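To start, the structure itself, in C-alpha cells.
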Amino acid sequence: MYEEKTRPLLEYYAQRELLVQVNGARPVAEVTWSIVVQLQRAFKRPATQAGSHAGAHAGTARPATTSDSDKAVA
C-alpha cells in the first residue's frame, strides 16, 4: 500500500520543492525540534513558481528538504 499510495505523493511534493523531511526515528523532543526548524526555514524562503500554484497556504513558502535517510512528515 505504501508504494502504491504514499511513495507517489513523496515524489510529487519533492519535485515541487514542497516536501519537508525529518528523521522520525529519534527521540520525540528531537523530532519536534527538527520539525519546527524545518518549518521555520520553509517560511523564510520565497515562494517557488510551482508552489504558487498550490493554493494560498502552500504557495507562501518553499519547505526545505533533508537527507533521503530521514522519514517524511505529512
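This structure is a prediction, so every number in the text was calculated from the model and none was measured.
Residues Leu19 and Tyr2 fall within the same hydrophobic cluster, defined by Ile, Leu, Val, Met, Phe, Trp and Tyr side chains chained together at heavy-atom separations under 4.5 Å. Hydrophobic clustering of Ile, Leu, Val, Met, Phe, Trp and Tyr side chains at less than 4.5 Å, counting indirect connections, keeps Leu39 apart from Val37.
Between Arg26 and Val31, the shortest heavy-atom contact is O-CG2, 3.4 Å. Nearest approach of Val22 to Ser34, heavy atoms of both residues: CG1-OG, 3.1 Å.
The structure places CG of Leu10 at 7.0 Å from CD of Gln21, a figure rounded to the nearest 0.5 Å.
Residues satisfying the side-chain contact (heavy atoms from CB on, under 4.5 Å) criterion with Gln40, sequence neighbours excluded, are Val36.
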